[in-house]
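Contents: one structure, followed by commentary.
When reading the values below, keep in mind they use all heavy atoms of this one structure, side chains included, and skip hydrogens, waters and symmetry mates. Start at 1 with the first residue, then count along the sequence. Just so we're clear, the structure is a prediction, and the values are computed from it rather than from any experiment.
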Amino acid sequence: PIFAAKTLKDKQHLIQNKKEVTRFARLLLTYVTVGGFIWPMSFCFRRIKDPNTVVPFYVPFTPDNWTKLINEVTDIFNPCLTFQFFTSSVAICMVIYKLSDTYIVSLEFVFLLNFIFVLLTQMFIYCYYGNVVSYESKYINTSLYLSDWSSASPGVRKMFLIVMPRWTRPLVVRIARVVPLSLDSFVSVRKYKCSIEHFIYSHVKQTRARDIFSGASNKP
């Protein structure tokens with residue numbers, strides 16, 4: 001390595017730097033931990049001291065604009081998710097094709113297999129949590145119905161009547177505003193990739209066979 005210690009002085013210098021960096025990291029972790037504990041506790045003590053004190057906090061959405069929130073999140077992350085799915089799909093197709101032409105008992109085969117696992121895991125995480133959003137939004141009406149709505153005020157019950165028809169349609173995060181982000185989409189995309197991989201492998205196999213045949217026919 002370029003920065004490897006070559007003399008005793010270099011080793012001592014590296015050891016000294018390691019100690020200083022470790023000391024700094026521990027000190028920083030201590031400050032973050034203590035500050036993270038004291039900061040919320042200060043609001044609690046302030047509230048106990050004066051019950052009329054307003055504790056400032058920020059909530060990015062309210063129950064009446066959840067649809068706006070999901071649309072805003074979709075607009076922000078849609079280009080990233082689209083690019084992620086497209087690049088992962090192309091990479092998986094190419095890697096599986098390379099994998100089909102690689103000897104099983106080899107380091108390259110293990111590396112390509114791990115690479116496919118990483119790409120599939122990335123896609124699965126997005127699809128899983130998109131599926132969780134859709135699944136949980138389906139049961140909002142059920143949660144409202146099972147709540148103690150009968151003891152609520154007439155205004156709240158009217159609000160439930162307005163909100164429940166809206167929540168019959170679940171929230172769905174979509175890729176490129178077309179493909180829903182769910183486990184079903186993950187399975188469908190995987191099947192589509194298998195079809196593309198089979199087509200690529202068959203085409204390359206036919207091309208190789210044609211080249212071998214043409215080469216054998218050109219021999220004197």
Side-chain angles (χ1 to χ4, degrees), residues 32-89 92 116-196:
V32 171
T33 304
V34 174
F37 177 76
I38 293 177
W39 180 70
M41 291 302 296
S42 63
F43 292 110
C44 296
F45 285 118
R46 192 183 305 174
R47 186 74 175 182
I48 293 173
K49 186 177 180 180
D50 185 7
N52 297 323
T53 302
V54 178
V55 178
F57 64 94
Y58 171 71
V59 179
F61 61 93
T62 56
D64 58 348
N65 65 351
W66 284 346
T67 306
K68 181 180 178 181
L69 173 68
I70 198 70
N71 292 332
E72 184 177 353
V73 171
T74 302
D75 293 336
I76 294 173
F77 292 100
N78 187 55
C80 302
L81 292 176
T82 304
F83 180 77
Q84 173 72 32
F85 266 72
F86 177 75
T87 54
S88 298
S89 301
I92 289 175
I116 292 176
F117 177 76
V118 171
L119 294 175
L120 289 175
T121 303
Q122 290 178 352
M123 298 180 65
F124 176 78
I125 290 174
Y126 288 119
C127 291
Y128 173 78
Y129 284 104
N131 190 78
V132 168
V133 172
S134 300
Y135 179 81
E136 294 294 336
S137 64
K138 292 179 181 178
Y139 290 94
I140 293 180
N141 280 343
T142 305
S143 301
L144 293 175
Y145 180 76
L146 295 177
S147 64
D148 192 14
W149 59 269
S150 58
S151 61
S153 63
V156 175
R157 281 182 281 182
K158 289 180 181 178
M159 188 182 300
F160 281 5
L161 290 176
I162 296 173
V163 170
M164 290 181 72
R166 165 62 187 87
W167 288 113
T168 55
R169 183 166 60 92
L171 297 174
V172 180
V173 183
R174 297 182 182 274
I175 305 169
R177 299 186 179 276
V178 177
V179 182
L181 201 61
S182 62
L183 295 179
D184 294 336
S185 300
F186 177 78
V187 176
S188 300
V189 170
R190 185 68 193 94
K191 291 180 180 179
Y192 181 69
K193 289 176 187 174
C194 291
S195 302
I196 296 177

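- Among residues two or more places apart in sequence or in another chain, the ring pair (Phe, Tyr, Trp, His ring centres under 6.0 Å) test is passed with Phe160 by none.
- In this structure, the side chains of Phe85 and Leu181 come closer than 4.5 Å at one or more pairs of heavy atoms.
- Residues that satisfy the side-chain hydrogen bond (donor to acceptor under 3.5 Å, both in side chains) test with Thr121, not counting sequence neighbours, are absent from this structure.
- Heavy atoms only, all atoms of each residue included: Ser182 and Cys127 are closest at O-CB, 3.4 Å.
- Between atom CG of residue Leu146 and atom CG of residue Asn141 there is a gap of 10.5 Å, rounded to the nearest 0.5 Å.
- The CD1 atom of Ile38 sits 11.0 Å away from the OG1 atom of Thr33 when rounded to the nearest 0.5 Å.
- A distance-only check finds no donor-acceptor pair linking the side chain of Ser134 to the backbone of Asn131 [under 3.5 Å].
- Leu183 approaches Phe124 most closely through the heavy-atom pair CD2-CE1, 3.6 Å.
- Scanning all heavy atoms of the two residues, the minimum distance from Arg157 to Ser150 falls at NH1-O, 4.0 Å.
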